[in-house]
Amino acid sequence: MGDRNGQVVAGGNGYGNRLGQLNWPTDVLIDKETDSLIISDRENRRDVRWSRRSGTTQGEILIDNILCFGLAMDDQRYLYISEVEKHEVRRYQIGDKNGTIVAGGNGKGADLNQLNFPTFVFVDQQQTVYVSDYGNHRVMKWNKGAKEGIAVAGGQGQGNALTQLSHPSGLFVDTLGAIYAADSENNRVMRWPKGAKQGTVIVGGNGYGEGANQFNGPWGLSVDQHGNLYVVDKNNHRVQRFSIE
């Protein structure tokens, strides 16, 4: 497997708000164009960029005064950030401090034009925004320019039926439009085919625990080109890998 020790590439100087520090980072993405990391530095209310070049000791602030959570970047290098305090997702051009609302922005609520504590974000090639609407127990899809979203997973209240989610977090959408969601309080990862009224459990769903088929608070999700699913198993303090092909 190679090196089993991690390497600190951002922060690592205790929590704080200096440029060499982070405070409760919640999401990260790689900006290949600038060979840098963009990090949602939540408790510092800022998004920061750290070069991936060796010897980098501090980041630069891209956007501040924002209680940010999830991050995504589209093919045109627009940055999408979920803002949990304002219950909205904004799209930014790199260098732009204000951004444009692309989901939510109508206060906290459960209407189709509202969000309630949006966490993770996914954007496809059409600039369609998918967002885990954590407090509403649903995944919302906002087409480009739409004034309201569509519930594409959950949205039937909090619960553990196959039509329901309970505080969804990590999110991924494949090329066929199937949605993968970390169903955090149900300790499972759900897959919702495009247009489906209910999902299927693809991993977990065996109660909370430390077993290889169990989770304790699944949080972040990522999928690689080989069909491996990586799940941040938050309260078990580990990342698990599953083959989903």
Side-chain angles (χ1 to χ4, degrees), residues 9-31 33-34 36-52 56 58-74 76-111 113-123 127-136 138-142 144-149 167-171 182 184 219-221 232 234:
V9 291
N13 298 302
Y15 72 89
N17 63 5
R18 297 199 310 271
L19 289 178
Q21 295 177 304
L22 299 169
N23 188 352
W24 204 338
T26 50
D27 206 356
V28 61
L29 59 81
I30 296 173
D31 180 9
E33 188 97 357
T34 59
S36 60
L37 301 172
I38 297 176
I39 301 164
S40 183
D41 188 10
R42 187 178 110 172
E43 290 303 298
N44 281 327
R45 303 182 68 92
R46 66 191 186 189
D47 277 87
V48 293
R49 178 163 59 195
W50 285 63
S51 169
R52 295 175 74 202
T56 300
Q58 64 180 42
E60 59 172 317
I61 297 171
L62 288 177
I63 300 156
D64 58 8
N65 196 27
I66 175 175
L67 194 59
C68 45
F69 199 104
L71 294 173
M73 185 176 273
D74 68 20
Q76 281 84 51
R77 292 189 66 244
Y78 281 98
L79 186 62
Y80 296 75
I81 303 173
S82 63
E83 221 278 16
V84 294
E85 204 169 50
K86 294 180 179 173
H87 310 287
E88 66 190 25
V89 179
R90 283 182 180 260
R91 180 177 65 221
Y92 296 82
Q93 255 182 316
I94 300 288
D96 165 25
K97 301 282 188 190
N98 297 316
T100 305
I101 295 172
V102 292
N106 294 297
K108 175 182 177 180
D111 289 341
N113 68 346
Q114 294 178 304
L115 298 169
N116 180 356
F117 203 89
T119 52
F120 291 95
V121 184
F122 184 91
V123 181
Q127 295 185 326
T128 307
V129 176
Y130 297 82
V131 55
S132 286
D133 193 6
Y134 185 84
N136 284 325
R138 65 190 184 184
V139 175
M140 296 296 287
K141 172 184 176 180
W142 289 65
K144 187 178 180 182
K147 297 296 180 210
E148 62 179 39
H167 292 116
S169 52
L171 183 63
S184 67
W219 197 241
L221 285 188
V232 174
K234 184 174 63 164

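The structure presented is a predicted model; accordingly, all values stated were derived computationally and were not measured.
- Proximity of Asn17 to Asn23: side-chain heavy atoms (C-beta onward) are nowhere separated by under 4.5 Å.
- Annotation: side chain of Arg42 is in contact with side chain of Phe69 (closest heavy-atom distance under 4.5 Å).
- Defined by atom type and a distance below 3.5 Å, a donor-acceptor pair is present between the side-chain atoms of Thr26 and Ser40.
- Scanning both residues, Pro118 and Val84, for their nearest heavy atoms gives O-CG1, 3.1 Å.
- By the neighbour-count criterion of 12 heavy atoms within 6.0 Å, atom NZ of Lys108 is sparsely surrounded, having that number or fewer from other residues, nucleotides or ligands.
- For the atom pair Thr100 OG1 and Glu88 CD, the distance stands at 10.5 Å (nearest 0.5 Å).
- Side-chain contact between Val89 and Leu115: present, with at least one pair of heavy atoms (C-beta onward) separated by less than 4.5 Å.
- Between Ile81 and Arg90, every side-chain heavy-atom pair lies at or beyond the 4.5 Å cut-off.
- One finds the CG atom of Leu171 at 11.0 Å from the CG atom of Asp133 (value rounded to the nearest 0.5 Å).
- Annotation: the span from Leu29 atom CG to Tyr80 atom OH amounts to 12.5 Å, rounded to 0.5 Å.
- Residues Asp31 and Arg77 form a side-chain contact, since some pair of their non-hydrogen atoms from C-beta on lies under 4.5 Å apart.
- Side-chain contact check for Asn106 versus Glu148: every heavy-atom pair is 4.5 Å or farther apart.
- The shortest non-hydrogen separation linking Thr34 to Ser36 is OG1-OG, 2.6 Å.
- From Tyr92, atom OH reaches atom CG of Asn98 across 7.5 Å, with rounding to the nearest 0.5 Å.
- Heavy atoms of other residues, nucleotides or ligands lying less than 6.0 angstrom from CZ of Phe117 number more than 12.
- Closest non-hydrogen pair, Arg46 versus Asp41, comes out as NE-OD2, 2.8 Å.
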Could you check Ile30 against Arg52 for side-chain contact (heavy atoms from CB on, under 4.5 Å), going step by step and ending with a plain yes or no? CA-CA 9 Å; Ile30 296 173; Arg52 295 175 74 202; 3.8 Å; yes
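- Using a 4.5 Å heavy-atom threshold, the side chains of Asn116 and His87 count as touching.
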Evaluation steps, side-chain contact (heavy atoms from CB on, under 4.5 Å), between Glu83 and Leu67: CA-CA 5 Å; Glu83 221 278 16; Leu67 194 59; 4.2 Å; yes
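- For the pair Pro168 and Ser132, the tightest heavy-atom approach, listed with the atom from each and the gap, is O-CB, 3.6 Å.
- The CG atom of Asn44 lies 11.0 Å from the CD1 atom of Ile39; values are rounded to the nearest 0.5 Å.
- In terms of heavy atoms, Ser184 sits closest to Tyr134 at OG-CE1, 4.2 Å.
- Looking only at side-chain heavy atoms (C-beta outward), Phe120 and Trp219 come within less than 4.5 Å of each other.
- The two atoms that bring Ser82 and Val121 nearest to each other are CB-CG2, 3.7 Å, heavy atoms only.
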Tell me, with the steps shown, if Ile94 and Ile38 meet side-chain contact (heavy atoms from CB on, under 4.5 Å). CA-CA 11 Å; Ile94 300 288; Ile38 297 176; 4.2 Å; yes
Does the pair Gln93 and Tyr78 meet the rule for a side-chain contact (heavy atoms from CB on, under 4.5 Å), with working shown? CA-CA 5 Å; Gln93 255 182 316; Tyr78 281 98; 3.2 Å; yes
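- How far SG of Cys68 is from CD of Glu85: 10.5 Å, rounded to the nearest 0.5 Å.
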